[in-house]
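Data block below; observations after.
Predicted, not measured: the structure shown is a model, and the values here were computed from it. Below, each value reflects all heavy atoms present in this structure, side chains not excepted, and no hydrogens, waters or symmetry copies. The chains referred to below are lettered A, B, ... by the order of the sequence lines, with proteins before strands, and numbering in each begins at 1.
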Amino acid sequence: MDFNFIQKFLPMYAEAARLTLIIGVIGIALSVFIGLMCALVKYYRVPVARQIASAYIELSRNTPLIVQLFFLYFGLPKAGIVWSSEACGIIGLAFLGGSYMAESFLGGLRSVGRIQIESAESLGFRRLQTMRYIVVPQAATVSVPAICANVIFLLKETSVFSAVSLADLMYVAKDLIGMYYNTWEALLMLVAAYLVLILPISIVFTILERRLRRARN
Amino acid sequence: MSEHIIDINGLVKHFGDNAVIDGISLSVSKGEVVVLIGPSGCGKSTLLRCLNGLEPIQGGTVTLHGEPVIHGDKSLYRIRQKIGMVFQSYDLFPHLTVLKNITLSPIKVQKRDKAEVEAKARELLERVGLSDKADSYPSELSGGQKQRVAICRSLIMNPEIMLLDEITAALDPEMVHEVLNVVLDLAKNGTTMMIVTHEMAFAEAVADRIIFMDGGVIVEEGKPSEFFKNPKTERAQRFLKTFTYTK
Ligand SMILES: Nc1ncnc2c1ncn2[C@@H]1O[C@H](COP(=O)(O)OP(=O)(O)O)[C@@H](O)[C@H]1O
Ligand SMILES: [Mg+2]
């Protein structure tokens with residue numbers, strides 16, 4: 001084990017991890033927003049918008065992230081739309097994540113039975129009040145664990161960003177292996193970096209889910 | 001003639017081509033208990049649902065104190081506060097304690113004082129024999145207890161009429177009594193009610209008037225003593241026979 005190597009390139013990994021995290025966080029935040037919009041449009045059966053949401057979800061879920069990124073990074077410039085690698089990463093992640101988030105939100109909303117809504121309305125609750133006090137708290141117990149799983153899934157998916165020359169963790173590791181042949185050290189640091197990024201989030205989510213499960217009793 | 005709470009006039013309700021309610025007219029007076037009976041699928045639930053605007057209607061009118069009940073209309077939020085509804089399935093809010101289940105709507109909808117509402121809720125729970133369950137969650141209650149809480153949840157809104165749709169139909173037999181006793185107690189205290197039930201002895205005990213429905217219309221109506229002893233129509237006779245077990 002070449003500790004000099006590790007020490008020398010640690011800052012590079014830290015920088016790449018920071019980039020992965022920033023792009024991951026922005027992409028995931030956008031995907032939550034897109035997912036929520038799609039879920040609401042489908043839940044309330046808004047004409048036209050609902051069909052568009054369904055088509056998007058199918059397209060997004062049934063194509064790999066790497067293909068979506070290639071389309072953004074290599075395809076669209078041919079049509080005159082040029083993006084930076086970072087923008088491609090964020091948009092790609094949001095595009096992929098949006099559909100997963102949509103399904104998670106929708107699963108929660110649809111888990112709340114019709115009778116719950118009718119009971120609330122029979123008591124004089126307005127639609128928004130019914131949503132806020134009755135539907136959302138119940139939907140959350142189903143949606144939140146699914147959304148947490150999506151966040152981890154999407155953070156892991158960022159590892160394909162290197163394919164569009166984004167200097168993320170994977171990119172740095174590949175680069176170093178190519179230049180110095182310190183394969184073991186480079187891979188070890190890669191695994192460690194992902195664990196440092198994802199493990200704390202995973203632990204927080206597990207605690208959150210346990211709380212929710214208890215609340216649902 | 002005493003004051004009418006609900007007036008139903010020539011009500012028609014279709015599901016597609018299926019005329020589930022085919023011209024029903026009926027009034028319920030203040031303090032009156034009307035029990036609706038009839039074969040399964042004859043439109044009893046649908047009728048109750050039309051009364052608080054849960055279903056769009058295709059003809060006729062429903063009015064509460066002369067004010068029309070219109071599905072999808074803004075006025076419904078106000079009108080529904082005056083109509084208490086309890087369904088057959090246990091429909092308590094599972095994420096809230098018993099006390100919160102009861103107090104949420106008076107606090108959020110009627111904007112009443114929290115302390116007043118909580119005191120009132122505990123009083124109601126006491127009345128239905130559940131004062132020790134205020135902090136339990138619905139999943140910790142039996143079916144009969146849940147239905148009693150659901151009754152409290154409606155009562156706390158001070159409704160002018162209670163609509164009860166087969167509230168004991170999904171209960172184990174030993175729990176039917178505890179719920180029906182609560183309803184009998186309400187009737188004694190002058191609560192206006194419209195009740196759908198398959199418990200004929202209970203219907204006879206609680207009703208001021210029996211309405212027998214079939215095929216989307218009122219086939220027969222009368223005082224319970226008369227109706228159960230001497231049903232006039234052949235259809236009512238046949239219906240009542242299904243409740244007596246004969247070899
Ligand atoms: N949402 C609905 N859509 C279509 N048909 C319905 C719906 N609700 C009830 N029906 C039909 O209306 C009829 C009356 O139903 P219901 O009012 O529930 O009867 P009851 O309560 O007397 O058993 C039944 O034939 C039922 O199939
Ligand atoms: Mg019914």
Side-chain angles (χ1 to χ4, degrees), chain A residues 36 39-47 49-50 104-148 205-217, chain B residues 45 48-49 51-55 69 71-72 74-97 100-112 136-141 146 149-150 152-159 162-165 170:
Chain A
L36 186 60
L40 287 176
V41 152
K42 287 188 75 167
Y43 184 70
Y44 286 116
R45 300 177 192 283
V46 180
R50 149 183 179 219
S104 301
F105 279 117
L106 203 55
L109 288 172
R110 288 191 174 152
S111 74
V112 182
R114 186 79 217 132
I115 186 83
Q116 287 282 315
I117 294 163
E118 289 185 345
S119 299
E121 289 183 347
S122 298
L123 289 164
F125 282 100
R126 287 163 187 276
R127 260 171 85 153
L128 266 176
Q129 288 180 315
T130 304
M131 200 65 187
R132 173 163 166 210
Y133 297 114
I134 308 304
V135 178
V136 169
Q138 292 184 60
T141 64
V142 174
S143 290
V144 169
I147 287 166
C148 291
F205 283 176
T206 309
I207 294 168
L208 184 67
E209 274 169 42
R210 213 174 292 152
R211 285 248 177 100
L212 271 175
R213 212 171 309 135
R214 220 175 303 141
R216 208 180 332 175
N217 53 91
Chain B
S45 296
L48 291 194
R49 291 167 59 83
L51 299 188
N52 77 346
L54 282 173
E55 298 283 350
V69 177
H71 174 81
K74 277 209 157 36
S75 62
L76 263 186
Y77 298 111
R78 194 164 29 77
I79 293 174
R80 278 174 173 157
Q81 296 172 36
K82 302 181 196 163
I83 305 175
M85 178 122 183
V86 182
F87 298 88
Q88 170 180 344
S89 56
Y90 322 127
D91 57 325
L92 294 181
F93 305 129
H95 59 298
L96 300 176
T97 62
K100 287 258 171 63
N101 259 279
I102 300 174
T103 58
L104 188 67
S105 47
I107 292 173
K108 299 299 177 191
V109 175
Q110 295 178 325
K111 315 281 182 206
R112 279 154 63 185
S136 303
Y137 280 88
S139 59
E140 297 160 347
L141 303 182
K146 284 183 208 174
V149 173
C152 294
R153 189 176 63 175
S154 288
L155 281 178
I156 200 164
M157 302 292 282
N158 298 318
M162 291 282 283
L163 308 177
L164 310 182
D165 189 4

Top contributor to chain A interface from B/Leu54, B/Leu163, B/Ile79, B/Asn52 [non-hydrogen pairs under 4.5 Å]: B/Leu54
Sub-4.5 Å side-chain heavy-atom contact between A/Tyr133 and B/Ile107: no
B/Gln81 (side chain) donor-acceptor with A/Phe125 (main chain) under 3.5 angstrom: no
Looking at every non-hydrogen atom in both residues, tell me the closest pair between A/Ser119 and B/Arg153 and how far apart they are. CB-NH2, 3.8 Å
Above 12 or not: heavy atoms from other molecules or residues under 6.0 Å from NZ of B/Lys100? no
Mind checking the CZ-CZ spacing from B/Arg80 to A/Arg126? Nearest 0.5 Å is all I need. 11.0 Å
What part of B/Ser89 is in contact with chain A, defined as an atom under 4.5 angstrom from a non-hydrogen atom: side chain, backbone, both or neither? side chain
Structural part of B/Phe87 lying under 4.5 Å from a heavy atom of chain A: side chain
Is it the side chain or the backbone of A/Gln129 that comes within 4.5 Å of chain B heavy atoms, both, or neither? side chain
Distance col, row B/Asn101:CG vs A/Ile134:CD1, nearest 0.5 angstrom, shows 7.5 Å
Taking all non-hydrogen atoms of both residues, which atom of B/His95 and which atom of A/Pro137 are closest, and how far apart? CD2-CB, 3.4 Å
With chain A as the partner, which of B/Met85, B/Gln110, B/Lys108, B/Arg78 has the greatest number of non-hydrogen pairs under 4.5 Å? B/Lys108
